[in-house]
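Inspection log for the structure reproduced underneath, given as structure tokens.
Quick note on labels: first sequence line is chain A, next is B, and so on, each numbered from 1.
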2 protein chains.
Amino acid sequence: MLSSSLEPQSDAASSATSDTDVPVAGLKGKLLNHLEAAPLRASQRLPSEREMIERFATTRVTLRDTLLQLEAEGRIYRENRRGWFVSPPRLRYDLLACLPFRDMVESQQRVASTEVLAAGEVAANAVIARRLGIAEGSVVYRITRVRRIDGRRVLHVCHHLRRDCFPGILDFDLGAHSLTDLYRHEYAIRVSRVSFELASTVFDAEAAAALNAAQGSPAQRITRINFDQNGRAVDCDDEHWRHDAIELTLSAAPQS
Amino acid sequence: MLSSSLEPQSDAASSATSDTDVPVAGLKGKLLNHLEAAPLRASQRLPSEREMIERFATTRVTLRDTLLQLEAEGRIYRENRRGWFVSPPRLRYDLLACLPFRDMVESQQRVASTEVLAAGEVAANAVIARRLGIAEGSVVYRITRVRRIDGRRVLHVCHHLRRDCFPGILDFDLGAHSLTDLYRHEYAIRVSRVSFELASTVFDAEAAAALNAAQGSPAQRITRINFDQNGRAVDCDDEHWRHDAIELTLSAAPQS
DNA sequence: CGATTTCTGTGGCCTAGTTCAGATGCCCCG
DNA sequence: CGGGGCATCTGAACTAGGCCACAGAAATCG
């Protein structure tokens, strides 16, 4: 059971009331914060909300506010109607290393896995067409995947590929192979320039469902366009990450 | 008065009930979403919460959830105990352009201003020392500033500068001059490499107070280290942005 | 033994209030 | 005309419940 790990030990509680070293508002939920700092391991499930309101002698709304707060801080996360969990450490994601997902994850002693949700052909809408420099309505490949780290679904990504660049690419096992590896080895296309657009928002309905996240959970959007050695945009992707799952890094010479 | 702009016009309401084109949960607050899409201008203040619960026939908690949701989406923001406002368009922030803040803002037809909160000398803690490659406890310059776009406080930034690189820099008017300009013209130091670390979190107490944001509002953290032409780390800064204020962009060659 | 159904526990979402503290502006007084 | 106090308006935080939809496991049926 989890009962011992979250017990608001009397000494901790009394020190919290006497200590004013934590200047945050005395909102009851900061108990949680303290208690969390101690003995909870990554991905461990918190007790149910109803159990916690009893244990901390508070109400549903107050507790919920507190949990949402901790979620925004990236300390806990939730799975839709399943419960609250302690966030694992963030994956360091080097934007310019351009490592395949699996390599990046495994280099940090984590376990990666990928699941293909859909792969097919669609007509490019205005946004995709503009990004790829093709005519609106042109047919492109569209690949939607979900990626996991240590079993946790953290990334929903939707690729759009120029069909003239990668004919027949859907016949490969897209769950097993890295796209960039396929580009290089099967199509002799190397990514020689990337362009990113980053913003923090919330999950849309599709991504939320795919990641088992609640609609309205905070998300990090990463839109990326890949250019080949001839400066031609060959594909783009829209990534939506659980915002607590990554820390982006980047090192480069500024364009003076 | 604002009364007319947010009126839930009966035709709009009826069309909302018949239209199922918006698949989001029928949570009442999506009314707000619709209404917002229409006639509200950037930075315009929403009616008070008490006024809205009456107008939409809902309760405080429900309305608040909805507002927090819209805040997470980046569509509205709040100032501490002052009210809710419509978010202006995001500033496009090119990480590698390394434009001074003022230039970047003005190039997008917005108005920038800067306020120096504090400037002095402090002993480098472990984190700062590691970033700058100096001994822990070495004295460094520390500059804290708040930046505004169109009058709205959007950025709290804390710089740490190596004192041996920039002797006497505190004597300049740090509210008027760009730091990178001072580096170049007064100290002959050019930034030839930058290293970033990005994560989405919430404001800490200090930044929240400085920006007039509620504690717990979502924030985008940008930590940056600048290296000079000799590869030496000369300064670093910790930026906390209102998360709805920026959209980060970036274009570069990947490190193969 | 496998597939289906049912049941229970969970978060999601909602109602209807109250108390508190900061922000603002008004007004009065010097 | 300027400054200090005070009333008012605001969001912040909280109490005490309720119903609903979905997830997961257990029980049941073919």
Side-chain angles (χ1 to χ4, degrees), chain A residues 1-3 23-33 44-72 76-86 153 202-203 205 208-218, chain B residues 1-3 6 23-33 44-72 76-86 152-153 202-203 205 208-218:
Chain A
M1 292 297 285
L2 303 170
S3 33
V24 288
L27 87 161
K28 197 158 299 183
K30 285 303 169 186
L31 276 176
L32 281 171
N33 211 327
Q44 184 168 345
R45 184 164 175 277
L46 270 60
S48 79
E49 294 184 359
R50 285 170 177 84
E51 199 172 333
M52 285 191 276
I53 66 177
E54 200 163 319
R55 196 170 303 172
F56 298 117
T58 182
T59 59
R60 195 77 186 285
V61 176
T62 306
L63 178 72
R64 203 134 224 283
D65 279 355
T66 308
L67 292 171
L68 291 170
Q69 179 80 27
L70 292 170
E71 181 189 45
I76 62 176
Y77 68 98
R78 51 188 157 148
E79 290 191 14
N80 204 3
R81 290 174 199 276
R82 291 216 328 123
W84 294 88
F85 302 83
V86 178
R153 290 193 271 251
V202 299
F203 288 117
L211 295 182
N212 224 323
Q215 273 188 37
S217 294
Chain B
M1 292 297 286
L2 303 168
S3 32
L6 265 185
V24 287
L27 85 162
K28 196 158 300 183
K30 285 302 171 187
L31 275 177
L32 282 170
N33 211 329
Q44 184 167 344
R45 184 165 176 279
L46 271 61
S48 78
E49 295 184 0
R50 284 170 178 83
E51 199 171 333
M52 284 192 275
I53 66 176
E54 199 164 322
R55 195 170 303 172
F56 298 117
T58 181
T59 60
R60 203 68 187 285
V61 175
T62 306
L63 177 72
R64 203 132 225 282
D65 280 355
T66 307
L67 293 171
L68 290 171
Q69 179 81 27
L70 292 170
E71 180 189 43
I76 62 177
Y77 68 98
R78 52 188 157 149
E79 290 192 13
N80 203 4
R81 289 174 199 277
R82 291 216 327 122
W84 294 89
F85 302 84
V86 178
R152 175 188 176 211
R153 290 193 272 252
V202 299
F203 287 118
L211 294 183
N212 224 323
Q215 272 188 36
S217 294

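- Atoms CG (B:Leu63) and P (C:dC14) sit 11 Å apart, rounded to a whole Å.
- Place B:Trp84 and A:Val61 on DNA chain D by their nearest nucleotides, and B:Trp84 ends up nearer the 5' end.
- Atom-to-atom, CD of B:Glu79 to P of C:dA23 comes out at 11 Å; the value is rounded to the nearest Å.
- Both A:Arg60 and B:Glu49 sit near DNA chain D, but only B:Glu49 has its closest nucleotide nearer the 5' end.
- Taking atom CD on B:Gln215 and atom P on D:dA13, their separation rounds to 8 Å, with Å as the unit.
- Taken to the nearest 0.5 Å, the CG atom of B:Asn80 stands 11.0 Å off from the CG atom of B:Leu211.
- Among the candidates B:Gln44, B:Glu49, B:Glu79, the single residue satisfying the side-chain hydrogen bond (donor to acceptor under 3.5 Å, both in side chains) test with B:Trp84 is B:Glu49.
- Remark: A:Arg50 engages no residue in a side-chain hydrogen bond (donor to acceptor under 3.5 Å, both in side chains) (not counting sequence neighbours).
- In this structure, B:Arg50 reaches the bases: a heavy-atom distance under 4.0 Å links it to at least one base atom across the strands shown.
- Within the structure, a side-chain polar atom (N or O) of B:Thr62 is placed less than 4.0 Å from OP1 or OP2 of C:dT15.
- Among the atoms of the strands shown, only primed sugar atoms or phosphate atoms (P, OP1, OP2) are found under 4.0 Å from some heavy atom of A:Arg78.
- Partners of B:Glu54 by side-chain contact (heavy atoms from CB on, under 4.5 Å), not counting sequence neighbours: none found.
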Report all interatomic pairs (protein N or O, nucleotide N or O of nucleotides 21-23 of chain D) with separations under 3.5 Å.
from: D:dA21; atom 1: N3; to: A:Arg81; atom 2: NH1; distance (Å): 3.0

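- One distance of note links CZ of B:Arg45 with CZ of B:Arg78; it measures 14.0 Å at 0.5 Å rounding.
- Rounded to whole angstrom, the span from the CZ atom of A:Arg45 across to the C1' atom of D:dG24 amounts to 11 Å.
- Within the nucleic acid shown, A:Ser48 comes within 4.0 Å of sugar-phosphate atoms alone, with no base atom in reach, counting heavy atoms only.
- In this structure, B:Asp65 atom CG and D:dC14 atom C1' are separated by 14 Å, rounded to whole Å.
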Is there a side chain to side chain contact (heavy atoms under 4.5 Å, CB included) between A:Thr59 and A:Ile53? Walk through the geometry before answering. CA-CA 6 Å; A:Thr59 59; A:Ile53 66 177; 5.9 Å; no
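- Judged by the 6.0 Å distance and 45° axis criteria, B:Arg152 is not positioned over the aromatic ring of B:Phe85.
- Contact annotation: B:Thr58 side-chain N/O to C:dC14 OP1/OP2 distance is not under 4.0 Å.
- Distance CZ (B:Phe85) to C1' (C:dA23): 11 Å, rounded to an integer number of Å.
- Counting to the nearest Å, the P atom of C:dC14 and the CZ atom of B:Phe56 are 14 Å from each other.
- One interatomic measurement links the two molecules: CD of A:Glu54 to C1' of D:dT15, which rounds to 16 Å at whole-angstrom precision.
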